[in-house]
Every structure is written in C-alpha cells, then in structure tokens.
Amino acid sequence: MALAQKLLVDIHTHVYLPRYAALLRARSAVPRILSAPAGERLLILDHEPSGGRPVGPQYWDREEKIGFMDRHGIDVSVVSSANPWLDFLQPDDAQRLATELNDDLEAYCAQSPSLSGGMKRLYGFGLLPLVPGVPIPALLESVDQISKLPHLKGVILGTRGIGAGLDDPSLSPLWGALSSANLVAFLHPHYGVGDAWGPRDNGHVLPLALGFPFETTAAATRLILSGALDAHPTLKILLAHAGGALPQLSSRLASCIDHDPVVASRLAHDARWYLGKLHFDAVAYGPEELGFVSDVVARSAQFGDKKTAGFGYTVDRKLGSRNMLFGTDHPFFPPLSNTDKWRSVVENLQAIDAVSGWGDAEKDGVRGGNALALFGLA
Ligand code: URA
Ligand code: ZN
C-alpha cells in the first residue's frame with residue numbers, strides 16, 4: 001500500500017474511441033474529423049478557430065496512451081471520452097452509443113497492462129446519453145451499466161445535462177444513482193460561455209484558457225445552488241481545470257447568496273462550505289493556483305453553517321490538498337516541436353512540486369494517492 005501511495009495517476013486524460021472517431025469522420029457538420037492534405041483535423045468547437053486542430057492516433061490508440069504514460073512516468077490513467085461526447089445526437093442514437101462506447105472503454109481498460117500488484121494501467125469514466133429528450137430511466141440504466149463494468153470508476157459529464165443544465169430538478173435521480181453506485185462524476189467543459197472574444201483571431205487561446213474554465217465555474221455554481229450537494233451528500237464531483245474560477249469567486253458567491261434571501265433559503269450551508277465537498281484536478285499549470293485551491297478547500301470547514309465565521313481562523317493548506325488530483329488533459333496540448341516530454345505535463349508536475357506549504361505526503365497525494373482513494377483503486 002505504501003508503494004501504491006507513490007504512484008503517479010492521471011485522472012484527466014482523454015480518448016476518442018475508434019467507434020466515436022469513425023462517427024466524427026462520417027459527419028459533415030461540427031463536431032467532425034476532416035481529412036486534409038496534411039493529415040486529419042479535429043473540428044469540435046462552435047465557430048472552430050483556425051481550421052481546427054490536428055488529430056491522430058494519440059487520440060484513439062491505446063498503445064499511444066501507454067507510450068505517453070511511460071514517457072512521463074504515469075503509472076495509471078483514468079481515461080475519459082473527450083468533448084463533445086454524445087451531446088449532438090438524438091436520444092436513441094445517444095443511448096445506443098453510450099452503451100457501446102462504455103463496453104468499448106471497459107475493453108480498452110481491461111486489456112491494458114497490469115502493474116506488479118495487479119492494478120491495471122487504465123481505468124475509465126463512462127458516458128451517459130445526456131441529450132435533450134432522453135428519458136431519465138435511460139440515464140439510470142447507463143449508470144447501472146457503468147457500475148457493473150469493473151474498470152469504469154465514474155462518468156464524464158458535460159455542463160448541459162439533458163438541455164436545462166445540471167441544476168435541472170429532473171436530474172435528481174441521476175445524482176442519487178451516481179452516489180449509490182459510488183461513481184465519480186467528472187464535470188468537464190466544452191461550450192465556453194457566450195461570445196466575449198471579439199473579432200481578432202486568437203486561435204484557441206480564449207475559448208480554452210477562459211471559456212472552458214468559466215463554463216465549469218458556472219455549471220458547478222448552478223449545481224451548488226440547486227441544493228444537489230445537500231440532497232446527495234455523498235455525491236463525488238470532480239471539477240476540470242482546478243474548478244475554473246470557482247475557488248477565486250467563492251466568497252463573492254457566498255456574499256451574493258447572503259444578499260438574496262430566496263436563494264439563501266434553499267441552501268443548508270454557506271457557499272464556501274461546498275468547495276470542501278468537491279474535488280479539483282490539478283491541471284492549473286502553476287503552484288500559486290494549486291496552493292490557493294487547497295487553501296479554499298481547507299477553509300470550507302470554517303463555513304459549515306450560515307453564521308459568518310469571521311476571518312480569525314488559519315487554514316491548513318495540507319488538508320486542502322486531499323481534494324486535488326494530478327491530470328494532463330492528454331492528448332490535447334501536444335508539444336509544438338519534437339520533444340520527448342510534453343510541456344503541459346512537465347509544468348503540471350513541477351507546479352505540484354513547488355506548492356509552498358505542501359510536504360512530500362501532500363505532493364504524493366496529489367500525484368496519485370488521492371486518486372487511488374477517490375476511485376477506490378487501492
Ligand atoms: N481542448 C478540448 O477540446 N478539450 C479538452 O479537454 C482540452 C482542450
Ligand atoms: Zn480535458
């Protein structure tokens with residue numbers, strides 16, 4: 001077990017399974033994979049900038065994933081389908097593909113190599129047919145399927161739910177089913193928020209650096225405001241990209257709620273308390289950001305009720321690190337030149353190592369131990 005605590009575990013790493021890549025190739029509208037003279041291109045975002053992004057076997061080939069892991073010393077990956085999942089499909093197609101892709105992902109993981117103690121190198125997050133018009137029982141059937149697939153440990157969720165967002169009251173049975181099945185819900189962006197980017201071509205920088213995390217911020221906030229975390233206290237939510245701006249805005253959120261008695265009356269706790277219930281990937285690229293998120297997580301304990309705690313407390317940054325988990329976002333953000341290691345990975349590892357106030361135990365936890373505990377792998 002002590003050895004397992006030293007493993008490097010990547011919980012934010014994506015795949016387009018071959019069946020899904022074939023679907024994208026067959027489409028003539030975004031999302032699609034387009035054949036171009038210099039190789040295939042991935043077009044998935046609305047108003048996709050700069051002719052999309054290059055796409056190749058690193059997106060679908062398991063050997064490429066393992067090779068990438070080996071190059072970066074990653075022992076175990078918990079792999080998720082990349083955006084936009086099944087969002088653009090009709091309910092029947094979404095249900096059929098969710099079932100097939102969950103079976104595909106189970107095989108992808110089950111056939112991966114094992115570590116010496118028997119743990120697999122690959123585990124996965126399943127897909128739900130989260131599209132407008134899908135009956136709630138179909139979502140629950142999907143949860144049931146995933147819970148019976150031994151290498152799938154959670155689900156990946158976009159922010160739209162079945163069309164009305166994650167604060168849609170009709171999703172309550174889904175939160176209940178995920179909690180009962182002990183599956184981790186990985187909340188990941190795709191759409192961004194609005195169109196604040198102006199006419200200048202800044203490539204993918206604004207949608208990915210700002211739009212993605214703002215979208216996660218809004219979706220997680222709506223989930224908190226819906227009371228879902230009060231109604232389902234064992235629900236495990238993992239937020240992409242270190243929770244976006246939610247940690248930075250959580251006191252402002254608490255204050256705005258305080259000034260709105262109708263909204264305040266729906267919640268059992270101060271908004272800051274809920275941050276301690278959430279998990280955050282460590283895909284933030286900087287030690288200051290990671291340290292700050294761990295402070296905010298640790299601080300949540302001060303806000304268990306709605307009485308203002310005042311600010312005469314100290315936070316234990318070490319405690320907050322337990323809700324944080326290493327990730328890479330592979331195969332996105334590849335190096336632009338032919339380097340052995342990916343800067344996006346190295347930077348996230350260096351950031352973990354450089355957080356002031358975290359000791360070896362906390363760093364080991366964020367690198368892997370926390371993931372083993374959250375996903376029940378060790
Ligand atoms: N770009 C995407 O489209 N998805 C990711 O997960 C990361 C970058
Ligand atoms: Zn991602």
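All ligand and atom numbering here is 1-based and tracks the order in the structure.
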* Measure up the Tyr285 and Phe333 rings against each other and bin them: parallel (under 30°), tilted (30 to 60°), perpendicular (over 60°). => perpendicular
* Decide whether Asp87 and His190 meet the rule of one side-chain donor and one side-chain acceptor closer than 3.5 Å. => no
* Does His188 have a heavy atom less than 4.0 Å from any atom of ligand 1? -> yes
* Structure fact -> One should read off an interatomic distance between Leu152 CG and Phe125 CZ, to the nearest 0.5 angstrom, of 10.0 Å
* What's the spacing between Tyr108 OH and Leu101 CG if we round to 0.5 Å? -> 13.0 Å
* Can you list the steps and then say if His269 with Phe303 is a ring pair (Phe, Tyr, Trp, His ring centres under 6.0 Å)? -> CA-CA 7 Å; His269 303 280; Phe303 290 97; over 10 Å; no
* To do: Would you check the N or O atoms of Asp329, main chain and side chain alike, for any that come under 3.5 Å of an N or O of ligand 1?
  => yes
* Asked: Backbone or side chain, does any N or O of His14 fall under 3.5 Å from an N or O of ligand 1?
  -> yes
* Kindly give the heavy-atom pair with the smallest separation between Arg62 and Ala107, and that separation in Å. => NH1-O, 3.7 Å
* When the aromatic ring centroids of Trp60 and Tyr20 are compared, is their separation below 6.0 Å? -> no
Go through ligand 1 atom by atom and flag the ones less than 4.0 Å from a non-hydrogen atom of [X].
{"X": "Asn83", "result": "2 (C), 3 (O), 4 (N), 5 (C), 6 (O)"}
{"X": "Ile44", "result": "3 (O)"}
{"X": "Phe333", "result": "7 (C), 8 (C)"}

* Asked: So do the side chains of Val9 and Phe326 get within less than 4.5 Å of each other, counting heavy atoms only?
  -> no
* Residue pair Leu45 / Arg53, side-chain heavy-atom distance below 4.5 Å -> yes
* **Tyr274-Leu319 co-clustered via ILVMFWY side chain contacts under 4.5 Å** => no
* **Cut-off under 2.8 Å, centre the Zn ion (ligand 2), protein N/O/S atoms** => His12 NE2, His14 NE2, His188 NE2, Asp329 OD1
* Identify, for atom 1 (N) of ligand 1, the protein heavy atom at the shortest distance, and state residue, atom and that distance. => Arg53 NH1, 2.8 Å
* Protein heavy-atom partner closest to atom 8 (C) of ligand 1 - residue, atom, separation in Å -> Phe332 CG, 3.4 Å
